[in-house]
Amino acid sequence: MALRTQVVVIGGGPSGLLLSQLLHRQGIESVVLERKTRDYVLGRIRAGVLETGTVNLMRQAGVSERMDKECLVHDGIVISHADEQFSINLKKLTGSNVVVYGQTELTRDLYDAREAENGTLIFNVENVQILDADSDHPRVSYEQDGKSYRIDCDFVAGCDGFHGVSRQTIPISARTEYEKVYPFGWLGILSETPPVNDELIYASSSRGFALCSMRNQNLSRYYIQCSLTDSPDDWSDAAFWQELKRRIPAATAESLVTGPSIEKSIAPLRSFVTEPMRWGRLFLCGDAAHIVPPTGAKGLNTAAGDIHYLYNSFAQYYATGDTLGLDQYSEKALARVWKAVRFSWSLTSMLHRFPDQTEFDLKIQAAEVAFMKTNQHSQSVLAENYVGLPY
Ligand code: FAS
Ligand code: PHB
């Protein structure tokens, strides 16, 4: 059975849903193909911090009502090293801030909006294939419940994450991949406890990195750097809390409210970029094209930057036939992606313990944090990147 639409969006995560919703607001038709179910997608606990640019895109998409009510606006973050800590005043240094609102909630809001506006979301699809992307008549085929389908379209947006089909559709001879795998992961838990601090704490210690974050005043999100050979089952809640307390300043550890974990998972850390992010009428967005370590809270926010560029390019094309935006998409998106990749790598290098570090390396790391503690320019570089570079 053949369908026809203007843009086929592969992937029903935040990138695909945000793009589909923005296109809908411009009267541009799309179909979203998602491999899993809505509940499965919403069950993945991921990002927690949104740049102002991402917040504005949600407003532009008409999906910001709950976020504006429930989010936490943060004007600063805390960096700690051993028992010392200092605040970086994002608002004072950049005039901007970040918003704490979980990716799960953002994705839920987008699903609700797409469904309320009768968006075409097709779940549990299998064997998705992108055909003739390098022609003027691309098509997407897929299977669902044992039946085969085909969608003829003008364009395909590959929003299907790192393990999706879109990037693989681009011939290996036509793409260049850059990767850095970090020798550790992040063990994260969610607990229905009040956050230990009203701002996020990025903690560097001799035992490794830790992050104190939150979703709301009674839902905290904590991470500790862990070995790649660890599994969540290796860590009891008690062992997690004990290790977290040893990595954050003692005074903060004393006020930490612990409780049972309601989610526990390990994310490996890697930096990855594929170039170009376009091949004919196929455009890659988000994790389908790039991955960053979560240290700088750039994963979801860099995906949002891609969507900003691609949405505006589609809007320009369908309004005027002008392909300039589409032709510049990959170069523009990659310019911002690489700055996010650099920032995430830099913060990861400054705050984590690496197995092959020498005493000299540890001294350099400590000096970098000590310099940032008292130098406004160093703090401004972090702040500008953390609140989000301009689109
Ligand atoms: P996603 O991977 O979120 O979505 C892709 C969607 O495509 C998925 O729903 C998938 O089921 C679907 N799909 C895949 N293949 C398909 C196919 N062939 N056909 C149809 N559908 C297909 N970022 C942060 O900023 N902070 C964090 O703390 C953080 N933690 C993370 C933890 C983990 C374990 C992971 C994997 C990522 C984390 N990230 C974090 C990054 C994350 O938030 C991503 O940047 C964000 O999910 C990107 O969104 P999408 O590009 O939509 O990709
Ligand atoms: C989170 O709350 O999940 C979170 C926040 C900031 C990060 C990474 C993860 O840098």
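Atoms within each ligand, like the ligands themselves, are counted from 1 in listed order. What you see is a predicted model; the values in this text were computed from it and never measured.
For ligand 1, the atoms lying closer than 4.0 Å to a non-hydrogen atom of Ser15 are 49 (O), 50 (P), 51 (O), 52 (O). Of all atoms in ligand 1, numbered sequentially from 1 with element shown, those under 4.0 Å from a heavy atom of Gly286 are 51 (O). Below 4.0 Å from some heavy atom of Tyr202 lie the following atoms of ligand 2, by number and element: 6 (C), 7 (C), 10 (O). Near Cys159, the atoms of ligand 1 lying under 4.0 angstrom from a non-hydrogen atom of the residue are 5 (C), 6 (C), 7 (O). The contact set between ligand 1 and Tyr223, taken as ligand atoms under 4.0 Å from a residue heavy atom, comprises 28 (O). Atoms of ligand 1 lying under 4.0 Å from at least one heavy atom of Gly161, given by number and element, are 2 (O), 5 (C), 53 (O). In summary, the atoms of ligand 1 found under 4.0 Å from a heavy atom of Ile10, numbered by their order in the structure, are 19 (N), 20 (C). Counting atoms of ligand 2 from 1 in the listed order, those under 4.0 Å from a heavy atom of Val49 are 5 (C), 6 (C). Set against the non-hydrogen atoms of Thr295, the atoms of ligand 2 under 4.0 Å away are 10 (O). Residue contact check: Ala297 has heavy atoms under 4.0 Å from atoms 6 (C), 7 (C), 10 (O) of ligand 2. Atoms of ligand 1 found under 4.0 Å from any heavy atom of Leu300 (numbered from 1 in listed order, with element): 23 (N), 25 (O), 45 (O). Proximity to Leu200 (heavy-atom distance under 4.0 Å) selects the following atoms of ligand 2: 5 (C), 6 (C). Proximity to Trp186 (heavy-atom distance under 4.0 Å) selects the following atoms of ligand 2: 8 (C). Numbered from 1 in the order shown, with element, the atoms of ligand 2 that lie under 4.0 Å from a heavy atom of Gly48 read 1 (C), 2 (O), 3 (O). Contact atoms of ligand 1 toward Val41: 9 (O) (distance under 4.0 Å to a heavy atom of the residue). Residue contact check: Ser213 has heavy atoms under 4.0 Å from atoms 1 (C), 2 (O), 5 (C) of ligand 2.
When non-hydrogen atoms are compared, ligand 1 lies under 4.0 Å from neither the backbone nor the side chain of Ser265. If you look at Val128 next to ligand 1, the close heavy atoms, those under 4.0 Å, all belong to the side chain. For Arg46, every heavy-atom contact with ligand 2 shorter than 4.0 Å involves the backbone, none the side chain. Proximity of Ile45 to ligand 2, defined as any heavy-atom pair under 4.0 Å, is not found for any part of the residue. At a heavy-atom cutoff of 4.0 Å, ligand 1 is contacted by the backbone of Lys298 but not by its side chain. Heavy atoms of Asn301 found under 4.0 angstrom from ligand 1: none, in either backbone or side chain.
By the salt bridge (charged side-chain N to carboxylate O under 4.0 Å, His left out) test, Glu384 pairs with no residue at all, sequence neighbours left out. Under the salt bridge (charged side-chain N to carboxylate O under 4.0 Å, His left out) criterion, Arg44 pairs with no residue, sequence neighbours left out.
Side-chain contact between Leu269 and Gln225: absent, with no pair of heavy atoms (C-beta onward) separated by less than 4.5 Å. Contact of the Trp186 side chain with the Leu211 side chain is registered, since non-hydrogen atoms from C-beta on lie closer than 4.5 Å. The shortest distance between side-chain heavy atoms of Pro268 and Leu228 falls below 4.5 Å. Here the side chains of Asp75 and Lys92 are not in contact, with every heavy-atom distance at 4.5 Å or above.
Among protein heavy atoms, the minimum distance from atom 3 (O) of ligand 2 is reached at Tyr223 OH, 2.6 Å. In this structure, atom 44 (C) of ligand 1 lies nearest to the protein heavy atom Asp287 OD2, 3.2 Å. From the protein, the heavy atom lying nearest to atom 49 (O) of ligand 1 is Pro14 CG, 3.5 Å. For atom 8 (C) of ligand 2, the nearest protein heavy atom (residue, atom name, distance) is Pro294 O, 3.2 Å. Counting protein heavy atoms only, atom 4 (O) of ligand 1 is closest to Gly13 CA, 3.7 Å. In terms of protein heavy-atom proximity, atom 16 (C) of ligand 1 is closest to Asp160 CB, 3.7 Å. The protein atom (non-hydrogen) at minimum distance from atom 20 (C) of ligand 1 is Arg35 N, 3.3 Å. If you check which protein heavy atom lies closest to atom 34 (C) of ligand 1, you get Ala267 CB, 3.7 Å. Regarding atom 23 (N) of ligand 1, its nearest protein heavy-atom neighbour is Ala47 CB, 3.6 Å.
With Gln168, Arg44, Arg38 as candidates, the residue nearest to atom 9 (O) of ligand 1 on a non-hydrogen basis is Arg44. In this structure, of Lys36, Arg46, Gln129, the residue bringing a heavy atom nearest to atom 32 (C) of ligand 1 is Arg46.
At least one donor-acceptor pair under 3.5 Å links the side chain of Thr37 to the backbone N or O of Tyr40. Asp237 places a side-chain N or O within 3.5 Å of a backbone atom of Ser261 that can act as its donor or acceptor partner. Distance alone, capped at 3.5 Å, places no donor-acceptor pair between the Ser20 side chain and the Gly16 backbone. For Thr94 (side chain) and Ala383 (main-chain N/O), no donor-acceptor pair under 3.5 Å exists by modelled atom type.
Taking a cutoff of 4.0 Å between a charged side-chain nitrogen and a carboxylate oxygen, Asp152 and Arg4 do not qualify as a salt bridge. Lys264 has no carboxylate O lying under 4.0 Å from a charged side-chain N of Asp234, or vice versa, which leaves the two without a salt bridge. Salt-bridge formation is detected for the pair Arg336/Glu51: a Lys NZ or Arg NE/NH1/NH2 atom is positioned less than 4.0 Å from an Asp or Glu carboxylate oxygen. Using a 4.0 Å cut-off between charged side-chain N and carboxylate O, Arg38 and Glu115 make a salt bridge.
For the pair Arg278 and Phe283, the cation does not sit on the ring face, since its NZ or CZ is not both under 6.0 Å from the ring centre and inside 45° of the axis. Within the cation-pi definition used here (under 6.0 Å to the ring centroid, within 45° of the axis), Lys339 does not qualify as a partner of Phe343. In this structure, Arg270 satisfies the cation-pi test against Phe162, with its NZ or CZ atom closer than 6.0 Å to the six-membered ring centre and inside 45 degrees of the ring normal.
Screening Tyr311, Tyr329, Tyr309 for a side-chain contact (heavy atoms from CB on, under 4.5 Å) with Cys285, the sole residue that qualifies is Tyr329. If you run salt bridge (charged side-chain N to carboxylate O under 4.0 Å, His left out) between Arg281 and each of Asp132, Asp327, Asp136, only Asp136 comes through.
Look at Lys298 and you'll find every heavy atom at least 4.0 Å from all atoms of ligand 2. Residue contacts with ligand 2: Gln103 is excluded, as none of its non-hydrogen atoms falls under 4.0 Å. Within the 4.0 Å heavy-atom cutoff, Tyr101 does not count among the residues contacting ligand 2.
The aromatic rings of His352 and Phe354 stand perpendicular to each other, their planes meeting at an angle above 60°, with 30° marking the opposite boundary.
Between Trp186 and ligand 1, no N or O atom pair is found at a separation short of 3.5 Å. Polar contact check, Gln103 against ligand 1: a nitrogen or oxygen pair lies under 3.5 Å apart. Checked against a 3.5 angstrom limit, the closest N/O atoms of Glu34 and ligand 1 fall inside it.
If you look at Tyr222 and Phe240, their ring centroids are not closer than 6.0 Å.
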